[in-house]
Structure formats: structure tokens, C-alpha cells
Amino acid sequence: MADHIVTDARTLDGTRVDVAVRDGVVERVVPAGEGDPGAFDPADHTDADGGLVTPPLIEPHLHLDATLTAGDPSWNDSGTLAEGIETWAEYKQDLDYDDVQERATQTVEWLAAHGVTRVRTHADTTEESLTAVEALLDLREEVDDLVDLQVVAFPQDGVYTADHHEDLLVEALEMGVDVVGGIPHNEHTREDGVRDVQTAFDLAERFDRRIDLHIDETDDPGSRFTEVLASEAIKRDMGDRTTASHTTALHSYPNAYAGKVVSLLAESGATVITNPPDNSVLQGRYDDYPKRRGHTRVDELRDAGVTVGIGHDSVMDPWYHYGVGDPLDAAFVLLHYAHMSGRGDVEPIWEMLTHANAEVFGVDSYGLEEGNEGSLVVYNSPDGFNALRTQAPRRLVLKDGRPIARTEPATTTVSRESGDVDVDFHR
Ligand code: FE2
């Protein structure tokens with residue numbers, strides 16, 4: 001646990017502050033100029049120079065077993081979820097422990113560079129050697145200097161599509177994964193999909209774990225498992241540890257039914273994660289024009305009081321070829337295709353990136369307040385709007401008082417006939 005002081009930083013509400021961290025904990029947050037950098041070693045002082053400061057970012061939905069495999073063994077040229085699953089099925093036939101660890105470590109380092117100190121990763125449990133589970137559980141300890149890692153037991157190919165998949169899911173829980181996963185829309189039948197959800201709740205109760213299901217990740221308005229998740233969460237009083245990931249079919253439900261599902265989710269207390277990078281390219285692939293953009297109803301969910309987090313889902317894998325592990329990329333996609341481009345949408349987007357994702361993850365003592373964890377991010381941008389607009393470099397990422405990443409903003413020079421001009425992308 002370390003000491004650090006950040007001076008002249010600007011919070012999301014525009015307040016200029018000094019933030020002092022002692023022994024890894026926020027000791028004081030005071031108006032800018034009232035802090036005491038002289039009480040700290042000069043190496044433990046960062047002058048934010050009026051730059052934005054936020055709590056650390058959280059990546060609530062990622063697949064570190066598949067990360068950085070894009071193009072291997074082939075590119076997903078149809079762009080469908082189904083071809084992504086087929087491509088991954090080929091890759092995972094020879095899944096290698098060291099290969100998973102090496103790729104996952106690189107992506108974790110990219111995430112930390114962008115201000116992320118917590119990652120929830122899914123690990124495929126339908127790969128029979130459970131190599132992904134083993135590698136990512138070990139990685140949990142190996143990268144704990146950078147991030148807190150949660151591993152989800154994720155039955156990619158379905159729990160009831162083969163005899164042994166349920167046993168593999170249980171085995172992953174016995175190995176120590178943090179969260180129970182599921183994928184009801186990928187089961188053969190409606191009945192098996194319902195069983196998939198109920199099994200996840202049964203196992204979460206038995207092993208005392210959280211739940212995070214890939215659910216209704218399709219454009220099919222007949223895919224109706226989110227109602228089952230919400231109902232189980234209500235009946236078992238488990239909403240506070242339940243997450244519905246994707247819920248893209250909600251986009252395509254008739255409004256009357258969508259209203260029912262949104263109400264049930266709100267009543268249950270379950271959280272939702274939208275994954276803009278993947279779902280902006282995976283959904284709508286079977287449409288003729290007009291082509292839907294499959295994303296969940298973020299506005300209606302939030303209006304109803306449901307906590308909605310933002311995940312990246314994939315970084316360079318068969319489902320999404322792009323990405324550098326930056327949550328601001330996911331937010332940038334969301335603000336476009338969810339029509340959250342108004343000035344008034346800036347605050348909700350940051351709330352989703354920070355406190356909503358913290359709720360999904362189950363974080364205590366989060367936020368820039370005295371007594372909370374001494375973790376924060378300083379941006380090379382004066383405010384939340386400009387940080388989103390420029391996807392601003394993270395000048396400093398502090399985890400429990402220790403700098404885990406720094407970025408020196410690049411200098412771009414435009415050569416005019418009259419001479420060189422250093423470009424500043426801020427007005
Ligand atoms: Fe996913």
C-alpha cells in the first residue's frame with residue numbers, strides 16, 4: 001500500500017481538487033491548492049494540471065481466453081455470432097495453457113494502461129480440458145498487481161447440448177471460479193434454456209457465487225430467457241448478485257413485452273451489461289434493409305432504475321476483431337448507436353463506466369471519497385465530455401496508491417508554410 005498525491009485535478013462534476021492517498025486509501029479530498037504535496041516524496045506527486053480525475057475503470061465483461069486470436073485460424077467474415085463461435089471452437093481444440101496466459105496477460109496490461117483495475121473475464125467450460133479455466137484462475141494471482149480478476153465459468157456451447165457440459169461447469173466451480181455463467185439462448189430448446197438459467201441459480205446458491213449469464217444475445221424476439229432470470233432472482237432473492245449480459249433481444253421485443261421484462265429486471269435488482277463493440281457488429285446480420293443494430297434498451301432500463309454497465313466483451317477475437325482494451329472505446333460506440341450523443345448523456349455514460357460497473361463487480365469502498373480505495377485515473381483532458389471525444393490518454397493510473405500505468409500524451413505537429421504548429425485537439 002503506497003502514498004501519492006494528485007493536485008489540481010478536476011472531478012466529473014467540474015470541482016478542482018487535490019487528492020491525497022496514504023497507505024493505499026484516500027486520506028483527503030480538498031479544494032485544489034489546499035493539499036500538501038510537500039508532505040509527500042516528490043516522486044509520489046502528480047500535478048494533474050486541471051485534467052479530469054475519475055475513480056478507476058472496471059471492465060465487467062471480457063473473454064480473456066479468446067483475446068488476441070483474431071484471424072486464427074480464420075477471420076469471421078460473415079460477422080455473425082455463430083461464425084465467431086465456430087471459429088473459436090476450432091481454435092480451442094488445441095487450447096494451450098501458456099498461450100492463454102500469454103495473450104490474457106497482454107490484454108490485461110492494455111486494460112491497465114487505460115485505467116482499468118478490475119476485470120471480469122469469462123472462461124469457456126465447454127472446452128473439455130478446462131485449460132482456459134485453469135489458466136485464468138492462475139492468472140488471477142499473477143496479475144493481481146494490476147487488476148482484481150473475476151473468472152466466470154462460461155458454458156459457451158450450452159450446458160445441455162452435450163452430456164458432460166454440466167459436469168464441466170460444476171468442476172470449474174470446484175476449481176474456484178468466482179461467478180456462474182450460462183447461455184440459455186444457445187441451448188437446443190426453450191425448455192433446456194430455462195433449465196440453463198435455473199441451473200446457474202442452483203449452482204450459485206450451492207457454491208455461494210455471483211451469477212452472470214450471456215442471455216438473449218440474439219435479434220430473435222422469441223428468445224425470452226431474461227424474464228426467467230429476473231423471475232428466479234426475485235423468487236430466490238438473489239438480484240443483488242445477478243447480472244444479465246447482452247439482452248440484445250430486448251431491442252427487438254414488442255414494446256408491451258419489453259416493458260414487462262424491464263419491470264421484472266427492475267423489481268429483481270439484477271444488473272445488466274451492454275457490450276457495444278461486439279453487439280454493434282454481431283447483431284442485425286440476418287436482416288435485409290433496414291438492418292437492426294442489436295443493443296439492449298439502455299435508456300428504458302436506466303429510466304426504470306436498472307443498473308446498466310458497459311463491457312467491451314472482446315479484444316481482437318473471432319467476435320470482434322478490433323480493440324486495444326480501452327473502456328472508452330466501448331463508451332464511444334455506445335454513445336453513437338444508443339443515441340446517447342447529447343451533452344446530457346455525458347454524465348450517465350461516465351456513471352455507467354464507473355459506479356454501475358462497480359456495482360456489477362460488487363466493489364466496496366469505491367469512489368473518490370475519504371476512506372475509500374486510493375485508486376484513480378488522471379486524463380489528459382479537462383472534463384468528461386472531452387475525455388470521451390478524444391478518448392484521452394490516461395496520464396496516470398493509480399491502484400491503492402501505486403502508479404500502475406502512465407502515458408505521456410503524444411505531440412502532433414502540423415507543418416504550415418509559415419512554420420510548424422503543435423496541434424492541441426482541445427478548444
Ligand atoms: Fe461475452
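For clarity, every value in this text was computed on a predicted model and none was experimentally measured. Counting starts at 1 for both ligands and their atoms, following the listed order.
- Within the protein, the number of N/O/S atoms found under 2.8 Å from the Fe ion (ligand 1) is 4.
- For Asp313 and His63, the side-chain atoms include at least one donor-acceptor pair closer than 3.5 Å.
- Both tests do not hold together for Arg395 against Tyr379: distance to the six-membered ring centre under 6.0 Å, angle to the ring axis within 45°.
- The pair Arg120-Asp178 does not meet the salt-bridge criterion, since no charged nitrogen lies less than 4.0 angstrom from a carboxylate oxygen.
- The pair Arg210-Glu359 fails the salt-bridge criterion, with no side-chain N (NZ, NE, NH1 or NH2) lying under 4.0 Å from an Asp/Glu carboxylate O.
- Ionic pairing of Asp124 and Lys92 is present here: one or more N-O contacts between side-chain nitrogen and carboxylate oxygen are shorter than 4.0 angstrom.
- Atom CG in Asp202 sits 9.0 Å away from atom CD in Glu166 (nearest 0.5 Å).
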